[in-house]
Amino acid sequence: MKKILALMLVSAMSLTLTACGGNSDDVRDALQGTWVAQWTFMGNKISRYYTFKGDSYTTGGRRASNDIEPETGTFEVKGDTIHLIPDDGTDGNDLDYTYNKSSGTITLWWSDDVQFEKGTVNVNIIY
C-alpha cells in the first residue's frame, strides 16, 4: 500500500513539473515573426526589433538618431529564456518570455519593463 501511495505521489509531482511552461517547439512556433519595442533610456529614444524564422533571428533598430547595426544568428529556447547566439561569435542578449500553454500565446521581454509586441517594422515604429 505504501509503495502504491508513493508511486501516486511521484506521478502527481512529475505531472505538475511538466505542466509549467511550454516545450521548446511550442515556444519556437509561437515566437516566429517580428517583434518590436520602443522605450526611453537615459533620455534617448530606442527602438528594437527581432525577427524569428525557423531557428534563426535578425535584430536591429534605432538609438537616438543612429541605426543599430543589424545582427543575425540562431537561438535556443532554454527554460524561460530565449538565448541568442550571434553569427559573429560575440555574446548575445537573452530575452525572457512567458508562454500561455492553453492559448499558445507568447509574451517577449528584454527586461522587466521593456515588452515586445508582435508586429511589423515600419517607419512609425523605428523613430
[X] side, atom [atom1]; [Y] side, atom [atom2] - distance, nearest 0.5 Å:
{"X": "Asp26", "Y": "Leu31", "atom1": "CG", "atom2": "CG", "answer": "12.0 Å"}
{"X": "Arg48", "Y": "Asn93", "atom1": "CZ", "atom2": "CG", "answer": "6.5 Å"}
{"X": "Glu71", "Y": "Asp87", "atom1": "CD", "atom2": "CG", "answer": "8.5 Å"}
{"X": "Asp91", "Y": "Leu84", "atom1": "CG", "atom2": "CG", "answer": "11.0 Å"}
{"X": "Phe75", "Y": "Tyr50", "atom1": "CZ", "atom2": "OH", "answer": "12.5 Å"}
{"X": "Lys118", "Y": "Thr107", "atom1": "NZ", "atom2": "OG1", "answer": "11.0 Å"}

Could you pull out the closest heavy-atom pair between [X] and [Y], with the gap in Å?
{"X": "Ser47", "Y": "Gln38", "value": "CB-CG, 4.0 Å"}
{"X": "Val77", "Y": "Ser24", "value": "O-OG, 3.6 Å"}
{"X": "Tyr99", "Y": "Ile106", "value": "CD1-CB, 4.3 Å"}
{"X": "Ala30", "Y": "Gly104", "value": "CB-O, 3.5 Å"}
{"X": "Thr81", "Y": "Tyr97", "value": "N-CE2, 3.5 Å"}
{"X": "His83", "Y": "Lys78", "value": "CB-CD, 4.4 Å"}

List the steps and the verdict of side chain to side chain contact (heavy atoms under 4.5 Å, CB included) for Trp110 and Ile46. CA-CA 12 Å; Trp110 182 318; Ile46 302 171; over 6 Å; no
Is a donor on one side and an acceptor on the other found under 3.5 Å between the side chain of Thr59 and the backbone of Tyr49?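 It does hold such a pair.
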Okay, side chain of Glu76, backbone of Ile82: is any donor-acceptor separation there less than 3.5 Å?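 Not confirmed, Glu76 side chain does not pair with Ile82 backbone.
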Is any side-chain heavy atom of Phe52 closer than 4.5 Å to one of Leu108?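 They are in side-chain contact.
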With a 4.5 Å cut-off on side-chain heavy-atom distances among I, L, V, M, F, W and Y, is there a chain of contacts connecting Val114 to Trp35?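 Val114 clusters together with Trp35.
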